[in-house]
Amino acid sequence: MSRTPLLAVLLVTGFFAYITGVRLAFVVVYAIALVVAAAALWSWWAARHLRLARTTPAGPFVAGASFAERFRLENGSRLPLTVVEVRDRSRLAAYRPGRACSLGPRAVATWETEGRFAVRGRHQLGPTEAWLSDPFGLFPRAVRLETMTPVLVYPRLHPIGAAWARGARTGRDAPRGTRPDDRPPSVAGIREHDRADGMSRIHWLESARRGRLISRLFDADEGSDLLIALDCAQGIHAGLAPDHSFEVAVSLAGSVAQAAIRQGRSVELIANDRHATRVAAGRGAAHEARLMEWLALATDDGRSGLGALLQRHLPAWRGRGPLVVVTGARDPGWVEAVAAHSASGERPLAIYVDPATFGSRRPALTVPARWRLIVDLWLVHRGDDLDAVGEDGSRAVG
Amino acid sequence: MPSADPGALALAAWAGLGVLLAAAAMGLQGPRPSDRLAAAAAGALALGCAVAVAATLATTVLDRAGPEPLLAAAAGVGWAGVAARIRRRAAAAGLLLAALAAGAFLLLRAVPGERGSGPLLGLGPLLGGGHPIHAQAFGLELLLLGLGLGIGWWALRDGRALVAVGAAAVVCVADLVNVPGGHVGAASWPVLGAVASGVALVGWSHQERVRRSWADRRVPMLAGARRRPWSAMAAGAVVVTAAAVALPPLNAVNFSGRFFHYGPPSGPQRRPGSASDVVGYSESVIPGGPLRSIRTPLFTYTTDALGQLPYLRGVVLDDFVQGDWYPAPGSGRSHPPSPRALALRPRPGRSGTRLRHLRTIRLTVRPLGSGAGQLPDVLYPGTPTDLPRTDVPLIVRGRSSGGRLVAVTAVQPVGGLIQVAAGGAITTTGTISTATGAQLRRAGTRYPAWVRADAHLPAADGSEARALRRIAQSMAGGARDPYDRAIAIQDALRADETYTLDPPPAPVGTWPILYFLTTSHLGYCQYFASSMGALLRSIGIPARLVNGFGPGEEGLAASGGHLITAADAHTWVQAYFPGYGWIGFEPTPDGFYLPRGGAPAATTGPGQLRPHQAGPPPGTGPRGRVLRVRRLPRPAVPTPPAPIGQAALAALAVVALLAAIAAGLLLRAVATPAAARRRLALVSRVGRGAVPRGRTMTELAAACLSALGPAPAPRVAEAVRAVAHLADRAAFAPGPEAAVSGDEWRAAWGPLRRAYLRLLWRSWRRRGPGPR
């Protein structure tokens, strides 16, 4: 923009100087022309010899985690650069690694920056641009470092431990005294026999081998599979990331999944997003990574309700293990689906992230009594300290 | 600026510099102490410039042009400063217009008569409302004032020193090319100072603006980034200026007359309003370019000098400034209209001494049509002795000594032009000397004090004055008394130089009379008279020039009087002889005018009476041409480029200028959602035909990209989407989120800036016949 009037001035003054032959007028014209030429050459030469390097972090991150980057800017020419600005085009919220500096001939500037991934998702670090100009500002140039490092940020996970398990219970130890499941319990281990142990707990084979009584350790819950149903229907959640109810729901779903997998369970995830995603049951680190990657990119763009999803999946799941529903829907359809397909004595855990507390126009949820009869309900509000749930989950689970 | 004066030229340069420095002082001050210190330093420098301007004016301009140029420049700076502090642009613009109008009123009333020459003389009548006196000076000063206002306002407001410097350069060059060649050198240092300062200021302003932008955007700065490279800026400015000085000019010949019709502003001069360079009457003598002689009848006259014809004297030029002659400012006394002639009693001789051998002659001038109305001076047959009967007040201008009028230099009507009713006449009387050569040889050199100032060249003329002295001594040969030396110089000029109306122009920076005497040896009466006057002064003989008309031709008018046409405008020389006054000499060998002191009449010449003759003397051809061979070979004269090349150059410049403006408008960064929509819609429309209304920016961006083919460049695609995103944000985001800064717009548009024309071109190529 600034070059146009200058070129116009050059043309006008040059024309009059030429037709009149005035020496001093030529001096003025030459000075303008020299400034333009010198600026163009300066800018071109400096940009040609400017080197920009950016060392970005590798590996997946969890939302809320911090990271560090290192930048190196080198002026390889013998011309000083009075103004250089490194601009980051990462579009990472609240992260501004750019710096302004002056570089002497053959000088190097390095700096490190720290940032934080505030929200989950796939982010990219870069491209990076070094903006420079000649001393007169006529020919600004940008040296662009096109390298873009993609970074996958998992949802933030909370140490909820076994809190979920206390809510999602199978019928075997159900407190309501309904008919117990006849499925044999899983043997989790062995221990020395205790007088209080019944005869049925004695592990006879091991007792014979050792020459003393050894009792079995049973753990019915920890041996079963876990189904997580995440409500991804659009129009349910509210708020602004990262303080968004869907983000909290995803975070809690991820936390439950991670806790279960690390307890050795097989975890399956279903969601009513646009693709009606189902991550088949599995266990181990690879499965955990698979679940986290999906959760990192999950979006609330589903067009069908959670009830329909459960209607489709629960019949096949019946008897395989506990169910955890993560939702913010007030529609009782999902509760009815749970009631219709739950085995006798099962009480699934429902984590209800109340959108009303995240800015939704709807009023806060008043839990119907029927819901309490069918599911164990964990009400999550905006501002709850989910990290403080702890292993027992006593503060948050109700 | 009245551009004939070196002081005015210096003013132009320094005023431009002052505007820039004031801009720096006021526009670049920031919250930090270092900024305020820099602003204070710049302000002090600007004040120093103003003092330098005032000093220059006091010594060279004020006695001639008045303080108006300084007031104009100061007003421009002051008004710009006030306007820059007004936040509302409409109010600021109104204030600027008011200032411009006030300045125009001031200048129209106060600027004195035009001097100098140049392209803007043609622009002057337009800017000056057609007023013949105020034309050039008014135009130039108004231009400078307007530019000062606009530039200062912009520079102060936006810190755009580059634009300010560019416009100041235009002003500086405009003034430089309008200054007579011999005066340009006087402004060298101010111009070089302005150039170096301007270059440094551009760099400084850029550095400041970038750092201010960093501070506003809160960009973290590494160590050393806050330091200003003052020394680098100063060194760069000096290097650029030195290189500009070292480069040779592309052209040294002034051929601007082919583009702008301004005449040589002297002796026979182009009259304001005429379309070409013709011989005519004027009030100053600055030898110029080629002339055409058009015998436009002006008036007839009768005289009581039986059998002999006088020269008709108009105005005396006794101020020699760098090779050119001007009327001295002197003093003026106004006389009310009078129904009768009033005696005019100057005391030209030494105290108590009367001039001898004078003869009084009466002259009656009768206008032809409106011809007489074009003369700004009352014509006399010799030294004026009375004031004519007129219906308008007259001003008598002359030289004073001891509070008394000692010499009349001009008698002018207050209204600027002589008004004579149809059929009327103006009768004047004057005296001419009848002294013989022998008497004048005995006159001696005891000059009156008021004449001694006319007996030498200004000391400032330096090398030119020395060159003139050498030439004069060479021409005078062994002559010892002033009269013989004057006759020798007159005869030498008549013998050695050639009369022509088509002399080559002098190179810029060279006095025309020196070029005439040493190189071209071609010229018309201005060249001859100017040269002789300067030569006489260089050897201590008081001399001055007179502008008026030659005797004309008798028997051509129906009334029987002698007809004077525009082609009779003439310039001649007078030298002072104690006891006899100013005696005329005729150095112009045009074949019509006869010299003083030579055959056939020993007493002919201007200021004397010329015998009637039926035609030119033997040995000469038609009037205006001398038919004899040059004694020396004519030197090579630099010729200007061919006219067709100039036309092509001008056309190319205009086309390039228009292209630059169009490209600037088309490629400038978008700054509003509407502008972004227009840009993207244009690409889409060119490639795909009509764009339905109501498309969102995202859809428009997608359409724009699809118009570019299946796989547009990733960078272009990203930039298009970024522009669309910003436009959406600016249009629909709530609260402060909608505030999109100029930097964000520029950053988004930047990648598209160079590609945009390519986008349009490729879209147009893909379009094919008819909309898709």
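In what follows, chains carry the letters A, B, and so on, assigned in the order in which the sequence lines appear, proteins first and then strands, with residues in each chain numbered from 1. Just the heavy atoms: all of them, side chains too, but no hydrogens, waters or symmetry mates, feed the values below.
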With A/E69, which residues qualify under salt bridge (charged side-chain N to carboxylate O under 4.0 Å, His left out), at least two apart? A/R54

Go through the atoms of B/V210 and report whether side chain, backbone, both or neither lie under 4.5 Å from a heavy atom of chain A. side chain

For the student: nearest non-hydrogen atoms of B/V240 and A/L34, plus distance: O-CD1, 3.7 Å

Return the minimal non-hydrogen interatomic distance between A/R23 and B/V245, and the atom names on each side. NH2-O, 2.5 Å

Under 4.5 Å from any heavy atom of chain B, what part of A/A31 do you find: side chain, backbone, both or neither? both

Would you indicate whether A/R120, at its atom CZ, is surrounded by more than 12 heavy atoms from other residues, nucleotides or ligands within a distance under 6.0 Å? yes

Between CG of B/L250 and CZ of A/F26, what distance do you get to the nearest 0.5 Å? 5.0 Å

Nearest atoms (heavy-atom pairs only) where A/G98 meets B/P220: O-CD, 3.5 Å

Interface residue of largest heavy-atom contact number with chain B, from A/A100, A/A17, A/G14, A/G21, under 4.5 Å: A/A100

Closest non-hydrogen atom pair between B/R217 and A/R87, with its separation: NH2-NH2, 4.0 Å

For B/L222 versus A/W111, what's the shortest heavy-atom pair and its separation? CD1-CE3, 3.7 Å

Counting only heavy atoms not in A/R78, do more than 12 sit closer than 6.0 Å to its CZ atom? no

Does CD in A/E146 sit with more than 12 non-hydrogen atoms of other residues, nucleotides or ligands closer than 6.0 Å? yes

Proximal component of A/V86, with respect to chain B [non-hydrogen, under 4.5 Å]: neither

Which one wins on heavy-atom pair count under 4.5 Å against chain A: B/A722, B/A237, B/A244? B/A244

Side chain to side chain, B/H206 and A/P135, heavy atoms closer than 4.5 Å: no

A/R144, CZ: over 12 other non-hydrogen atoms inside 6.0 angstrom: yes

Output the option from A/V29, A/V84, A/V83 having the highest count of non-hydrogen pairs under 4.5 Å with chain B. A/V83

What's the separation between atom CD in A/E85 and atom CZ in B/R211, rounded to the nearest 0.5 Å? 11.5 Å

